[in-house]
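These notes are about the structure you will find just below.
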Amino acid sequence: NDTATTEIYTSLFVGSVNVYKDSTFSLDKSAPVTVELVDVLGRRLRTWSPGTLSAGAHQIAIDRAGLPAGVYLIRWRAGASTVTRTVLIV
């Protein structure tokens, strides 16, 4: 069913106090995926677009080089579904 949403299950691997290291996410069905690292003003700083991924678990590490320490958002998009989580980068 093309109109049904894709469920996205996320997990952030943290070093200490919610410091972002990398991310895993699972899809309940195959879907086109985009993962973005966004600052608190909504500006996209990093984008990872692998195309369509199969159902199951996937892991990514977004390059944090050159980013100042602070609070950021990670946004996973799969099909029509979006999940956003807040992370701290130090």
Side-chain angles (χ1 to χ4, degrees):
N1 183 342
D2 290 338
T3 61
T5 60
T6 302
E7 291 294 324
I8 308 169
Y9 306 96
T10 64
S11 174
L12 298 174
F13 288 113
V14 295
S16 60
V17 195
N18 295 327
V19 176
Y20 171 69
K21 297 283 186 191
D22 59 9
S23 164
T24 61
F25 61 97
S26 293
L27 304 174
D28 69 339
K29 62 182 176 183
S30 178
V33 171
T34 300
V35 182
E36 299 171 327
L37 182 67
V38 180
D39 69 13
V40 293
L41 298 176
R43 296 178 294 204
R44 282 183 301 222
L45 304 173
R46 304 286 191 273
T47 301
W48 182 71
S49 298
T52 299
L53 297 178
S54 60
H58 304 276
Q59 183 172 358
I60 64 162
I62 295 176
D63 180 17
R64 299 175 307 279
L67 293 175
V71 176
Y72 294 87
L73 305 172
I74 296 181
R75 183 179 302 138
W76 294 265
R77 290 188 176 142
S81 299
T82 302
V83 173
T84 303
R85 299 283 184 264
T86 303
V87 295
L88 176 65
I89 294 179
V90 295

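Treat the numbers as computed from the prediction; the structure is a model and nothing was measured.
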Euclidean distance, R75 CZ relative to R44 CZ, rounded to 0.5 Å: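 Separation between the atoms: 8.0 Å.
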Pairwise distance CD1(I74) to CZ(R85) - rounded to 0.5 angstrom: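 I74 CD1 to R85 CZ: 10.5 Å, rounded to 0.5 Å.
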4.5 Å side-chain heavy-atom contact, T84 and V38: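 A side-chain contact under 4.5 Å is absent here.
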List the atom pairs, donor and acceptor, that lie under 3.5 Å between side-chain atoms in residues 47-58 and the rest of the protein, sequence neighbours left out.
residue: H58; atom: NE2; partner: S54; partner atom: O; Å: 2.8

Closest contact, heavy atoms only, D39 versus L73: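 Minimum heavy-atom separation between D39 and L73: O-CD1, 4.4 Å.
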Closest non-hydrogen atom pair between L67 and L37, with its separation: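 Shortest heavy-atom separation between L67 and L37 comes out as CD1-CD2, 3.3 Å.
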Salt bridge (charged side-chain N to carboxylate O under 4.0 Å, His left out) partners of residues 48-61, not counting sequence neighbours, each pair once: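 Not a single pair qualifies under salt bridge (charged side-chain N to carboxylate O under 4.0 Å, His left out).
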R46: partners by side-chain hydrogen bond (donor to acceptor under 3.5 Å, both in side chains), with sequence neighbours left out: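 If we apply the side-chain hydrogen bond (donor to acceptor under 3.5 Å, both in side chains) test to R46, skipping adjacent residues, there are no hits.
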Side chain to side chain contact (heavy atoms under 4.5 Å, CB included) between V83 and F25, worked out: CA-CA 10 Å; V83 173; F25 61 97; over 6 Å; no
